[in-house]
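One structure is given here, and the rest of the page talks about it.
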Amino acid sequence: MKLKRSVLAAGAAIAIALGAAPVAQSATVTPAEVAGNAAVGTVRPMTSADVPNAVTTGAPQQWYADYVDGDKVEAYIVTSPSMNNREIPVAVIPARDADGNRVDNAPTVYMLNGAGGAEQDADWLRQTEGLDFYQNKGVNVVIPQAGAFSYYMDWEDDVNTRYLQGGPQKWETFITKELPGPIEAELGANNQRATVGFSMSATSSLLHAQHNPGFYDAVGSFSGCAATSTFNTYEYMRLTVNRGGSEPENMVGPMGSRHNRHNDALLSAHRFQDTNTKLYVSTGTGLAGETDMAGYYRDRGMDATTASAQAGVLQVEGGVIEAAMNQCTHDLKAKTDSLGMADRTHYELRNTGTHSWPSWREDLELSWTKTIKPAFGL
């Protein structure tokens, strides 16, 4: 790490000597600098008594019983001072090398859940077999297991829904200011990090990096919509936030308002220009692919009736959603290309694919090999 930073510094010095403007490097900003004067959270090990109930079942969320073993997957409770010291469950895959040994001074990947999250037992761990892909990759993986239907934004209004406990909803503050310092200290991490999201949180991952330039080496944004402040994109948000029992006006204010525009990642794409943050952005077209067919699920043991129903939902509902995300993604590509960012932004533009997990599981691997791993210098 020291050698790498010395080489970068030397390169910047040469560029200055030659009269060229040096390129700013990402991950030069520390958690303490991002937190500023804000209070940070406290960390303690999570126990089975801390597991909240899933909203959809009324039973304890499944991820803890299914995957937390104190070895490959650990669990912590981290408080959020900005949300009245609310206790947030956080799943962690600690960094290990190829031989399975714990690694100190490793980078951290923050994985943000989609709309339903752990509250609907639809979190990263449950949908990707415990994120086995990240085992032995030499990076820590941190997954906040709360915040369903929140877009992980700082909301304008206090709300109280089935998914969002009453009081202030300051999810960006928690994830970018209150969580990194204490959890990275707990894990003995270094100052390299990435943020990854899909669907709802694909917007969030972009925004968190834009609002904190120099804090993230890499961003993964799968099947999301960067824009939020035009009529169509605001209404896309409404469809998601309504499912959680609230309205986008409570979250970002009226369409086109200052707070709404602040949380529009298409409008703010220029904020990536002065950093070296690498981007991985993906989308399908909404046209059915192999993993959207009934035969795909029958081949995996699903009965014919259920497989047909599953395929029907994916091809209709998932197809419409992904077609909208496809347009959003092409708008973002046009913007980043116009800003001269093509050399550090990888767009995975699929010819087929609906808004569904098979594509996002593939994105896990592609975002690692094409963007996150190189950004970390691993």
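Please read all numbers here as calculations on a predicted model, not as lab measurements. Below, each value reflects all heavy atoms present in this structure, side chains not excepted, and no hydrogens, waters or symmetry copies.
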All heavy atoms of Pro168 vs all of Asn84, minimum pair found to be CD-ND2, 3.4 Å
Note to self: Is a donor from one side chain sitting under 3.5 angstrom from an acceptor on the other, for Arg261 and Asn263?
What the structure shows: no
Measuring centre to centre across the rings, with the benzene-like ring taken for any Trp, is Phe222 within less than 6.0 Å of Tyr280? yes
> Should Ser246 and Leu164 count as side-chain neighbours, where that means a heavy-atom distance under 4.5 Å?
Replying inline: no
- Please confirm whether the backbone N or O of Tyr152 pairs with a side-chain atom of Ser150, one donor and one acceptor, at under 3.5 Å? yes
Main-chain N/O of Ser268 paired with His262 side-chain donor or acceptor, under 3.5 Å: no
Do Val141 and Leu378 share a hydrophobic cluster (ILVMFWY, side-chain heavy atoms under 4.5 Å, transitive)?
yes
- prompt: Are Ile77 and Tyr67 connected in a single hydrophobic cluster, I mean Ile/Leu/Val/Met/Phe/Trp/Tyr linked by side-chain heavy atoms less than 4.5 Å apart?
  reply: yes
Side-chain heavy atoms of Met341 within contact of Leu279, under 4.5 Å
yes
Less than 4.5 Å apart, side chain to side chain, heavy atoms only: is that true for Met237 and Met251? yes
Test log, rule side-chain hydrogen bond (donor to acceptor under 3.5 Å, both in side chains), inputs Thr173 and Asp154: CA-CA 7 Å; Thr173 293; Asp154 284 353; 2.7 Å; yes
- Message: Do Phe376 and Asn190 make a side-chain contact, defined as non-hydrogen atoms from C-beta onward lying under 4.5 Å apart?
- Response: no
Is a side-chain donor-acceptor pair under 3.5 Å present for Ser223 with Glu322? yes
Using only heavy-atom distances, determine whether the side chains of Glu74 and Tyr76 contain a donor-acceptor pair under 3.5 Å.
yes
Exercise. Answer yes or no on whether Arg238 is positioned over the face of Tyr234, meaning its NZ or CZ is under 6.0 Å from the six-membered ring centre and within 45° of the axis.
Key: no
| request: Would you check if the side chain of Gln169 reaches a backbone N or O of Gln165 as a donor-acceptor pair within less than 3.5 Å? | output: yes
Original post:
Short question: side chain of Asp121, backbone of Gln61 - any donor-acceptor pair under 3.5 Å?
Top reply: no
Does Arg300 use its side chain to pair, donor to acceptor, with the backbone of Tyr296 at less than 3.5 Å? yes
Check whether any side-chain heavy atom of Pro144 sits under 4.5 Å from a side-chain heavy atom of Leu179, and report yes or no.
yes
Contacts satisfying side-chain hydrogen bond (donor to acceptor under 3.5 Å, both in side chains) that involve residues 125-143 (not counting sequence neighbours) are Asp66-Arg126
Review point. Between Val78 and Met46, does a side-chain contact (heavy atoms from CB on, under 4.5 Å) hold up when you go through it step by step?
Key: CA-CA 9 Å; Val78 184; Met46 184 176 176; over 6 Å; no
Q.
With a 3.5 Å distance limit and no angle check, can you tell me whether Ser229 reaches the backbone of Gly256 through a side-chain donor-acceptor pair?
A. no
Correct closest heavy-atom pair for Thr354 and Gly286 would be CG2-O, 3.9 Å
dist Asn232:CG -> Met255:CE (nearest 0.5 Å) comes out at 9.5 Å
| Arg44 and Asp50 ion-paired at < 4.0 Å | yes
*Hey, mind stepping through Ser257 and Asn260 against side-chain hydrogen bond (donor to acceptor under 3.5 Å, both in side chains) and telling me if it holds?*
CA-CA 5 Å; Ser257 65; Asn260 183 192; 5.1 Å; no
Salt bridge (Lys or Arg N to Asp or Glu O under 4.0 Å) assessment of Arg350 paired with Glu362 = CA-CA 11 Å; Arg350 300 181 175 92; Glu362 181 182 22; 3.2 Å; yes
Taking the side chain from Gln210 and the backbone from Arg271, do they hold a donor-acceptor pair closer than 3.5 Å?
no
query = Does the pair Glu119 and Tyr163 meet the rule for a side-chain contact (heavy atoms from CB on, under 4.5 Å), with working shown?
reply = CA-CA 7 Å; Glu119 293 91 331; Tyr163 292 94; 3.8 Å; yes
Heavy-atom closest pair (Asp264 atom, Ala227 atom, distance to 0.1 Å) is OD1-CA, 3.4 Å
d(Tyr151 OH, Thr228 OG1) to nearest 0.5 Å is 8.5 Å
For the residue pair Val92 and Ile143, establish whether any side-chain heavy-atom pair is separated by less than 4.5 Å. no
Quiz item: Do you see a donor-acceptor pair shorter than 3.5 Å between the side chains of Glu178 and Ser80?
Solution: yes
| field | CA sep, side-chain torsions, deciding dist, call: Lys278, Asp343, salt bridge (Lys or Arg N to Asp or Glu O under 4.0 Å) | value | CA-CA 9 Å; Lys278 309 294 191 298; Asp343 62 331; over 6 Å; no
Q) Would you say the side chains of His355 and Ser199 form a donor-acceptor pair under 3.5 Å? A) yes
Is Tyr347 reachable from Leu206 through a run of hydrophobic residues whose side-chain heavy atoms are each under 4.5 Å from the next?
-> yes
Is there a donor in the side chain of Asn326 and an acceptor in the side chain of Thr329, or the other way round, less than 3.5 Å apart?
no
According to a 4.5 Å side-chain heavy-atom criterion applied to Ile, Leu, Val, Met, Phe, Trp and Tyr, with indirect links allowed, do Val68 and Phe133 form part of one hydrophobic cluster? yes
TODO: Measure from the side-chain N and O atoms of Glu247 to the backbone N and O of Asn242, and report whether any donor-acceptor pair falls under 3.5 Å.
DONE: no
| task | Run the ring-centre check on His208 versus Trp171 and record whether the distance is less than 6.0 Å. | result | no
query: What class does the angle between the rings of Trp124 and Phe198 fall in, given that below 30° is parallel, 30 to 60° is tilted and above 60° is perpendicular?
result: perpendicular
Check your understanding: Hey, does the side chain of Asp217 reach the backbone of Arg193 with a donor-acceptor pair shorter than 3.5 angstrom?
Key -> yes
So side-chain hydrogen bond (donor to acceptor under 3.5 Å, both in side chains) across residues 106-116, not counting sequence neighbours, yields Tyr110-Glu184, Asn113-Gln145
If you count heavy atoms of other groups shown closer than 6.0 angstrom to NZ of Lys72, is the number above 12?
no
Rounded to the nearest 0.5 angstrom, the NE2-OG1 distance for His346 and Thr369 is 8.0 Å
- Taking side chain as C-beta onward, heavy atoms only, is Leu187 less than 4.5 Å from Ile183? yes
Closest non-hydrogen contact found for Cys225 with Thr203 is O-OG1, 2.7 Å
Yes or no on side-chain contact (heavy atoms from CB on, under 4.5 Å) for Val281 and Glu348, after CA distance, side-chain angles and deciding distance? CA-CA 6 Å; Val281 186; Glu348 190 68 20; over 6 Å; no
Looking only at heavy atoms, the pair that brings Ala226 and Cys328 closest together is N-CB, 4.4 Å
side-chain contact (heavy atoms from CB on, under 4.5 Å) between His330 and Leu332: does it pass, once the steps are laid out? CA-CA 5 Å; His330 278 82; Leu332 181 62; over 6 Å; no
- prompt: Donor-acceptor pair, Ser201 side chain versus Leu112 backbone, under 3.5 Å?
  reply: yes
Nearest heavy-atom contact between Arg96 and Asp71 is NH2-OD1, 2.5 Å
For this session: Compute whether any side-chain donor of one residue and acceptor of the other, for Ser282 and Asp363, lie under 3.5 angstrom apart.
Result: yes
Report yes if some heavy atom in the side chain of Leu131 is under 4.5 Å from a heavy atom in the side chain of Leu364; otherwise report no. yes
**Message:** Please tell me whether Phe174 and Val252 are part of a single hydrophobic cluster in this structure, the criterion being side-chain heavy atoms less than 4.5 Å apart.
**Reply:** yes
